[in-house]
Amino acid sequence: MELDFQSIDKHWQLYWAENQSNKVLDDTNKPKYYVLDMFPYPSGAGLHVGHPLGYIASDIYARYMRLKGFNVLHPMGYDSFGLPAEQYAIQTGQHPALTTAKNISRYREQLDRLGFSYDWDRQVKTSSPDYYRWTQWIFKQFFNAFFNTALNKAQPISELISEFSIKGNQGSNAYSDNQLIFSAKEWNEFTPNEQEKMLLNYRLAFLSETWVNWCPKLGTVLANDEIINGLSVRGGYPVEQKKMMQWSMRIKAYAERLLSGLDNLDWTDAIKDQQRNWIGKSVGATVFFAIEEHSDLKLEVFTTRPDTLFGVTFMVLAPEHPFLEQIVPVEFKGAVKAYQVEVSKRTERDRQADVQHISGVFTGAYAIHPFTKKKLPIWTGDYVLSSYGTGAVMSVPCGDQRDYAFAKHFNLPISNVFKGVNIDQEAFAEKTGVISNSEFLDGLEINKAIEVACQRLVAENIGFRKVNFRLRDAIFSRQRYWGEPFPVYYENEIPKLVADEHLPIELPVVDAYLPTESGEPPLARSKKEDWNHFQGDRMEYNTMPGWAGSSWYFLRYLDPNNKEEFVGKDKVAYWQNVDLYIGGNEHATGHLLYARFWTKFLFDMGFIPFDEPFKKLINQGMILGRSSLIYRIKGENTFVTLSKMSAFETDPIHVDINLVSADKLHLSAFKNWLPEYADADFILEDDGSFICGYEVEKMSKSKFNVQTPDDLIEKFGADTLRMYEMFLGPVEQSKPWDTKGITGVHGFLKKLSRLFLSKDAAWGVVDDAPSKEMLKILHKTIRRIQDDLDRFSFNTVVSTLMIAVNELTDQKCNHKQILQPLLVLLSPYAPHLAEELWRVMGLPDGTCALQAFPIFDESILQESTYDYPISFNGKMRFKHTFDLSINEKEIADFIVELPLTQKYLEGKTPKKVIVVKGKIVNIVS
RNA sequence: GCGGAUGUGGUGAAAUUGGUAGACACGCCAGACUUAGGAUCUGGUGCCGAGAGGUAUGCGGGUUCGAGUCCCUCCAUCCGCACCA
């Protein structure tokens, strides 16, 4: 009797749906466990074989924990705002909501075919008004809060307002970039607009001028990714740096907590390091430099090396530094302006990638050294970034390689402050040694010198100790259509919040999804009567970024239909944070940091009882695609087969992998593929075939290398695909997709089901007592699977099951006492087949998924003897069995006398015999 | 330039704390059963060698009775990046 995997899949998927088998109740009597996948963006290409890798692992773990008696929350949803749907809308005029809905139903269909145990009643979609209503609401909470540095937490802005009206902002603990000091009297005399503007310096969601990559031709802001060599990827238009009023989130206020919070998380060190680097804490000092002929200005710099203050020979400002407006003498203005224009054409990423190219101009202005009072020329150079520190550096060529290179390039002076160090070839960047040539720092060891320099800076009121972070406040507005509208309108250019009862602010109808003629975002196309109906002058036309919705979605699953709150207090008290989170590495610093930030904020405001979202994190590796490439002769429509391409100048072109089998291109299918290839010519191999090249790279629609799971499920069934994806290797590891081995896993499932078949082809499982041997196989398997799953080693479980089935087959085992628990062990990996076999065996107690994980019995595996490997100088030669009760000395004495031992000793006397009980014997000669 | 990761058979990989390297599969070879098979079953398979044996976890060194595992130097590949003052 052969199994029909397809109908088994369908039968059980239907059964689960009809019986609501995956519905999760808030059953507080059971311990909870929350297993979460990073929710996908539903792209038009559908789910590819890489997506399920993490989903399968999490589903296995969720099923395992259910068997272990936990109430497991395992939900799924969609991160459904995003650029591709908007791009498609621009091209076709179709509303992104329609495209998105279509893609979601395709995803759902594909997910369902894999037999995941998601509770779909809890689904969330970030683009659904029921959901983004609460994203807007959370934004309002950020707007209405500030960060109290004394309490190290966020607080309502109302408390700050009353503080200002009583004592002004002198000595305030509120986190802010604001420098302006005002008294209570001044505050109270501010107009309401002035007060509002001042408060924007404190709110955790705030408006400020920010540099952006602006493409005038597209009328839009672009991400670094969308720019190559200063030109937009789309259209190839020039891009420039421009200042723009943007919403931001004051994530910098949380830098210290985001950093220290990592210590208690069960994440890999690799990913923690990435976040630590991103946050980038550095300890040093702020130093103020006077500027010649501008006594009103103080140039503020941050340095991690105040000990090298006497090595400063010049200053460098970022080309965007505001002082350049004021301090550049007339005769230098032209050159500086020209340089600023030149730099504005480069993105920050370009500026950083290009280390070789040194550029800058002298501004004509001078700073005064705070101690020596020497004149220091002020330059501007693009290696100094406006977004880090103060956008200005004191250049110490002897101690910093970039300063050194800059000094050499422009022939600026270099003075050495390190005792006995040669700096003829390069700067000395190490933090060890002794300072010289530095007045009061002479002779001090570097760490001591840093200390002394800081004390002196403070004493002379020239500077102070400072902790700096490279983390920047997160820009929170996008000039796009397909995102959450802000619950904000403007009155006299002051932003005002829309009242809660008007939420959600739904996306308005627009006639096109492009920016307006005047370069305003698409939402500005809305009609006032449709959308802009609040008392202000206009609505906010920006939308929120993709990460807004994904920063809190894990909370909504706990209580997805709550109309009163974003999550009910009782629900969040029971379910708490995510116990296991599985997703791709690419979110290491984006999503994972923002979600942590929002969680900490919501905790501070008393909405949730924990301040980290994800306790345990597993980063699944990327499954890479194997793309096929064909080579077209430059300027012609002729393609050359792989072995002959070297004779020509060619361009590689990605070709749909469905037109290729075993690297051979199907020529007629290729000609029909796209109109431009209809009359292509080919230079073939001598045997008449056309061979393609290949490349292993990320799967993407544009590379035509996407492998969907559908065909494989069609052919082998969902269980085979689930097991095969796990069998490929550790989940964390990246690997190219290859279906070569799938038959092995498929064969295993068949072999396993044969255990349940009796000779006369009926389902025949016997009640007879199993042999000792069979029990041993079972319990060995239980132990290994439990151990492996507990350390998330999903791949080795598959081989453990294979070994068990191989051994049980050898034993001709058809004993219920063995096979029943075996099915439970199998069920997290192959739920459809496990249920089917459970049913045909006529086993009681409902379904396999409702059973308890088999209990491991140590006593069954207890052995009285052990087969010791006997090694000579570390090399294993033979084995000898001893009773485990025999002690080390007895074993050693016995082994030495064996004839085999004498043979390997070749007449030598052993120097030492090492016996590790229950492990190994090693004879040293 | 900085940061992170990874290097084990023809291939995917295994080897919890240092203790029998290559489990389990794919592939390949031989055989059985078949009209046939991309079905099923049996045996073999790191490399060199007829064999005894030798040799092997990117290269080179070190620690150890014993190293894929720990330490140092180097090499290669992949990923991320915001030249981080």
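Chain identifiers are assigned alphabetically (A, B, ...) following the order of the sequence lines, protein sequences preceding nucleic acid strands; residue numbering begins at 1 within each chain.
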Using Watson-Crick and G-U wobble pairs with both distances under 3.5 Å, what is the 5'-to-3' dot-bracket string of RNA chain B, with [ ] for crossing pairs and | for pairs outside the strand?
(((((((..(((......[....)))((((((.......))))))(((....)))..(.(((..]....))).))))))))....

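Here, B:A56 and B:G66 have their P atoms 15 Å apart, quoted to the whole Å. The P atoms of B:C26 and B:U16 are separated by 24 Å, rounded to the nearest whole Å. With both ends at atom C1', the span from B:A5 to B:U20 equals 30 Å, rounded to whole Å.
Comment: A:Asp403 does not engage A:Lys408 in a salt bridge, judged by the lack of any side-chain N to carboxylate O separation of less than 4.0 angstrom.
Applying the salt bridge (charged side-chain N to carboxylate O under 4.0 Å, His left out) test to A:Lys875 and every residue at least two apart in sequence or in another chain returns nothing. Residues passing the side chain to side chain contact (heavy atoms under 4.5 Å, CB included) test with A:Lys751, sequence neighbours excluded: A:Arg754, A:Val805, A:Asn806, A:Thr809. In this structure A:His409 satisfies the side chain to side chain contact (heavy atoms under 4.5 Å, CB included) test together with A:Ile358, sequence neighbours excluded. The salt bridge (charged side-chain N to carboxylate O under 4.0 Å, His left out) search around A:Lys281 returns A:Glu256, not counting sequence neighbours.
A donor and an acceptor atom, one from each side chain of A:Asn922 and A:Ser871, are located under 3.5 Å apart.
Each of A:Ser793 and A:Ile920 was matched to the nucleotide of RNA chain B holding its nearest heavy atom; the match closer to the 5' end belongs to A:Ser793.
Using a distance-only test at 3.5 Å, with no hydrogens or angles considered, no donor-acceptor pair links the side chain of A:Lys252 to the main chain of A:Asp473.
A:Gln733 comes within 4.0 angstrom of the backbone, heavy atoms only, and of no base. Across all strands, A:Tyr904 comes closer than 4.0 Å only to sugar-phosphate atoms, never to a base (heavy-atom distances). Across all strands, A:Asn922 comes closer than 4.0 Å to base atoms (heavy-atom distances). Nucleic acid contact for A:Lys911: none, since no nucleic acid atom lies under 4.0 Å from a heavy atom of the residue. As judged by a 4.0 angstrom heavy-atom cut-off over every strand, A:Val916 is placed among the base-contacting residues. Base engagement by A:Lys715 is indicated by at least one non-hydrogen atom pair under 4.0 Å involving a base atom.
Checking B:U16, B:U20, B:C84 against every side-chain atom of A:Arg791, the shortest atom distance belongs to B:U16. Considering only the side chain of A:Asp787, B:U16 comes nearest among B:A5, B:G19, B:U16.
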Which letters describe nucleotides 23-30 of chain B, given B = protein heavy atom under 4.0 Å from base, S = only from sugar-phosphate, - = neither?
BBSS----

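Aromatic ring orientation, A:Phe856 versus A:His779: tilted (interplanar angle from 30° to 60°).
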